[in-house]
Number of protein chains: 4
Amino acid sequence: MPNEESRRPHTGRRRNEEARRAILDAAVELIGRDEGPVTIDTIAAAAGVGKQTIYRWWPSKGAVLLEAMAERATADVPVTDTGSLAGDLDAFLLATFRSAGTGRTAPLLRMVMAEAQRDEQVAEVMRDFIAKRRAALRGVLERAGGRGEIRADADLDLMVDQAFGVLWYRILIGHAPLGENEARELGRSLVIQSRP
Amino acid sequence: MPNEESRRPHTGRRRNEEARRAILDAAVELIGRDEGPVTIDTIAAAAGVGKQTIYRWWPSKGAVLLEAMAERATADVPVTDTGSLAGDLDAFLLATFRSAGTGRTAPLLRMVMAEAQRDEQVAEVMRDFIAKRRAALRGVLERAGGRGEIRADADLDLMVDQAFGVLWYRILIGHAPLGENEARELGRSLVIQSRP
Amino acid sequence: MPNEESRRPHTGRRRNEEARRAILDAAVELIGRDEGPVTIDTIAAAAGVGKQTIYRWWPSKGAVLLEAMAERATADVPVTDTGSLAGDLDAFLLATFRSAGTGRTAPLLRMVMAEAQRDEQVAEVMRDFIAKRRAALRGVLERAGGRGEIRADADLDLMVDQAFGVLWYRILIGHAPLGENEARELGRSLVIQSRP
Amino acid sequence: MPNEESRRPHTGRRRNEEARRAILDAAVELIGRDEGPVTIDTIAAAAGVGKQTIYRWWPSKGAVLLEAMAERATADVPVTDTGSLAGDLDAFLLATFRSAGTGRTAPLLRMVMAEAQRDEQVAEVMRDFIAKRRAALRGVLERAGGRGEIRADADLDLMVDQAFGVLWYRILIGHAPLGENEARELGRSLVIQSRP
DNA sequence: CCCTAAACGAGACGGTACGTCCGGTCTTAAT
DNA sequence: ATTAAGACCGGACGTACCGTCTCGTTTAGGG
């Protein structure tokens with residue numbers, strides 16, 4: 001690790017961006033295809049990369065998956081302001097469900113969540129990631145509160161967890177779909193329960 | 001495999017119920033104590049049992065944990081009828097949170113859920129278990145509907161998933177507590193959103 | 001598998017010669033000490049090596065022991081030419097008995113022979129090894145035949161098998177010693193029976 | 001092992017002798033057929049017998065095989081007196097080779113010898129058995145000595161071990177046949193080397 | 001234009017857990 | 001009381017992954 005002064009700016013070969021991409025893509029691809037176990041070895045082989053190249057940049061398999069997941073999530077779910085709680089929720093939840101419910105992403109999320117249960121390091125980064133997503137949704141609710149759309153004694157954190165809870169619960173168990181209708185219905189139920 | 005007539009009733013030694021108990025208890029105990037990894041070997045050793053005795057009756061570690069989990073859940077969460085949606089929900093959610101949020105049970109649930117993401121056999125039994133718990137809560141809501149306490153266009157399945165979603169989401173991420181206050185607040189929000 | 005041109009010379013870490021030595025030595029040591037069972041696990045532990053490192057290079061425990069045995073045998077029994085059958089036999093048998101009858105080697109030979117009875121792969125390599133040893137002794141006899149020291153109708157293969165038969169029989173049963181006197185007496189009996 | 005008097009003729013279910021035969025036959029049969037491993041379980045199953053019935057009468061698998069082997073050996077090799085060393089040796093060795101070289105017996109002998117290398121109890125009984133066979137052959141030689149057919153300084157024990165050594169060596173390695181010609185040639189070589 | 005340090009693909013390494021097999025003991029109902 | 005069936009404890013097997021450690025090669029600065 002370079003020190004803060006960076007006295008010797010750099011010598012030697014730089015990180016290969018292609019390898020990074022190949023690793024993340026191979027990981028997602030393997031999880032999505034669901035053929036056999038997804039291990040560091042299979043990821044490395046699928047990416048045409050040595051194992052050490054993975055361990056040089058990530059501490060564990062969970063970290064790789066986590067980065068792949070985070071990459072997709074931040075790209076897909078920008079927060080928009082439509083002027084009404086109903087509109088904002090709809091936009092947020094539709095984008096979120098579309099991103100998370102997708103064929104390739106859902107298995108990835110399942111894997112990351114499973115990994116976080118075994119690996120405390122992954123769990124920690126996961127909590128950070130989750131905190132950001134929750135803050136985004138809570139921001140939507142707080143803005144609506146500023147507009148007087150939410151009853152004073154509403155538990156915003158609980159509402160946030162109801163939204164993400166439904167999402168994760170259905171992803172992990174797979175007993176119900178995660179389509180646009182479900183996103184809208186969920187938005188509606190949150191609007192109703194928060195009315196002053 | 002014995003046929004439905006059970007023509008050949010049984011020969012040979014019977015299953016040792018003490019061993020079964022020791023295995024399930026050891027598994028829960030080890031997960032709860034959180035000292036080192038919980039493996040089939042450590043469970044067998046802690047239960048004073050040969051590994052084969054575990055594999056004779058369960059196909060995998062996940063199946064053992066699942067059975068231990070199911071045992072506790074059915075014992076702890078009977079459905080009661082208080083006459084009102086608010087009362088019924090309170091009773092159900094308080095019992096559920098108390099059971100699931102307990103020191104020993106929460107790590108067990110996390111482990112089982114993680115296992116279900118890797119092992120399709122576990123996932124299948126998990127889905128059965130989850131379906132029963134959801135049916136119980138849905139029963140509470142339907143009874144309230146019969147009393148006219150619920151608006152006609154409410155999505156009962158979504159409400160059920162909001163409740164269990166919050167529960168699992170908080171267990172798996174661990175960002176918020178799962179105490180009596182949270183149970184009550186959750187019940188209240190469900191009552192509000194379902195009012196006609 | 002490298003072709004004859006060796007187009008791709010080699011990539012990746014090379015076989016660790018120290019590990020190989022440690023494994024073979026540990027195996028012989030454990031058999032010699034006769035404390036508890038000699039298993040792949042105990043060999044690996046004694047050699048400070050992972051089990052997989054053993055299985056990467058040998059197909060079975062028998063193969064490990066066989067290699068250890070072959071190593072010792074070729075080192076210890078060079079063929080010498082004294083000019084007379086009696087002298088050559090004496091030299092060969094003394095060296096052979098000294099090598100095979102040694103404290104550490106005899107238990108090794110017993111183990112290998114036992115293993116060869118269960119494992120056809122070991123048996124095959126064993127037959128190769130045995131064939132070489134038999135050829136060496138037969139060479140001694142043929143050289144004597146060239147000098148006219150052996151009757152025409154002598155069955156050289158039978159004589160060879162008498163020599164090695166006595167050796168193995170006594171090693172396996174342990175009813176008689178395998179010292180210098182026995183080697184000399186055996187040599188004498190072979191000389192006598194082969195006289196023209 | 002049932003005593004010779006059968007003092008307590010019967011209580012409870014009676015099948016002992018049949019079971020004993022079935023076990024010994026099944027063991028030999030399984031070893032001879034060479035299909036899959038020969039374990040206590042497979043022997044019990046093939047004999048239509050419970051495992052406990054085997055362990056009631058024999059201390060280990062090796063003991064079963066040993067008894068099967070001993071049964072055949074004593075039946076097949078009576079010592080005869082033809083009046084000459086050459087004749088006696090021929091008779092003894094032909095009978096021995098015929099018995100040991102047989103399709104079903106040779107694999108049995110290999111198995112027993114292998115077992116004796118691992119199990120000291122089997123080794124002990126094996127040494128007894130071997131001692132008897134050696135004594136029988138030594139008796140033949142001593143009788144010839146009494147007739148003046150053997151030189152004074154011949155090492156009778158060595159000659160005995162040469163004979164049995166060839167036999168076992170070829171059985172265990174399988175590099176040469178064990179037919180009538182080999183028996184006769186072996187007898188001839190022993191006669192030659194013992195001539196006064 | 002070479003030198004040197006880092007990153008790379010390959011793959012062997014020490015280690016842990018897996019799920020299976022087998023040996024020898026114990027328990028059950030039937031005979 | 002003995003049997004066949006079969007569950008039990010213990011322990012070795014051979015495999016799969018993990019995360020680390022060499023190898024020899026490739027690549028990008030700095031001299």
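A, B, ... follow the sequence lines: proteins, then strands. Residue 1 opens every chain.
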- Determine: side-chain N/O of A/Arg13 to OP1/OP2 of E/dA5, distance under 4.0 Å, yes or no. no
- Note on the structure: Between CG of C/Asp41 and P of F/dG10 the distance, given in whole Å, is 17 Å
- Task: Give one of base, sugar-phosphate or nothing for D/Lys61, where a contact means two heavy atoms less than 4.0 Å apart.
- Result: sugar-phosphate
- Is D/Glu29 salt-bridged to D/Arg33, cutoff N-O under 4.0 Å? yes
- Query: Taking 4.0 angstrom as the limit, do D/Glu17 and D/Arg20 come out as a salt bridge?
  - Reply: yes
- Distance-only donor-acceptor test (3.5 Å): side chain B/Gln52, base F/dC9: no
- Task: Would you please confirm or rule out a distance under 4.0 Å between OP1 or OP2 of F/dT3 and any side-chain N or O of D/Arg56?
- Result: yes
- Note on the structure: From CD of C/Glu18 across to C1' of E/dA12 the rounded distance in Å is 14 Å
- Under 3.5 Å, is there a donor-acceptor pair between the side chain of B/Lys61 and the main chain of B/Ala27? no
- Task: Look at all strands and tell whether A/Pro59 reaches a base, only sugar-phosphate, or nothing, counting heavy atoms closer than 4.0 Å.
- Result: nothing
- Between F/dC9 (P) and B/Asn16 (CG): distance, integer Å: 7 Å
- Quick one: A/Glu17 CD to F/dT27 P, roughly how many Å, whole number? 17 Å
- Nearest-nucleotide 5' precedence on DNA chain F, B/Gly48 against C/Ile40: B/Gly48
- Message: Counting only side-chain heavy atoms from C-beta out, which of F/dG29, E/dA10, F/dC18 sits nearest to A/Arg14?
- Response: F/dG29
- Under 3.5 Å, is there an N or O donor on one side and an acceptor on the other linking the side chain of B/Lys51 and the base of F/dG11? no
- Select base, sugar-phosphate, or nothing to describe what C/Trp57 touches, counting heavy atoms under 4.0 Å on all strands. sugar-phosphate
- Message: Nearest whole Å is fine: how far is F/dC17 P from A/Tyr55 OH?
- Response: 12 Å
- Expressed in angstrom and rounded to an integer, what is the separation of B/Trp58 atom CH2 from F/dC8 atom P? 9 Å
- Task: Could you tell me whether B/Arg14 sits above the aromatic face of B/Trp57, with NZ or CZ closer than 6.0 angstrom to the six-membered ring centre and within 45 degrees of the axis?
- Result: no
- Message: Nearest 0.5 Å, please: how far is CD in A/Gln117 from CD1 in B/Ile171?
- Response: 10.0 Å
- Starting from P on E/dC22, measure out to CG on D/Asp119 and report it in whole angstrom. 18 Å
- Item | Upstream residue (5' side of DNA chain F) when D/Thr53 and A/Thr42 are each assigned their closest nucleotide | D/Thr53
- Query: Between atom CD1 in C/Ile43 and atom P in F/dG14, what is the gap in whole Å?
  - Reply: 11 Å
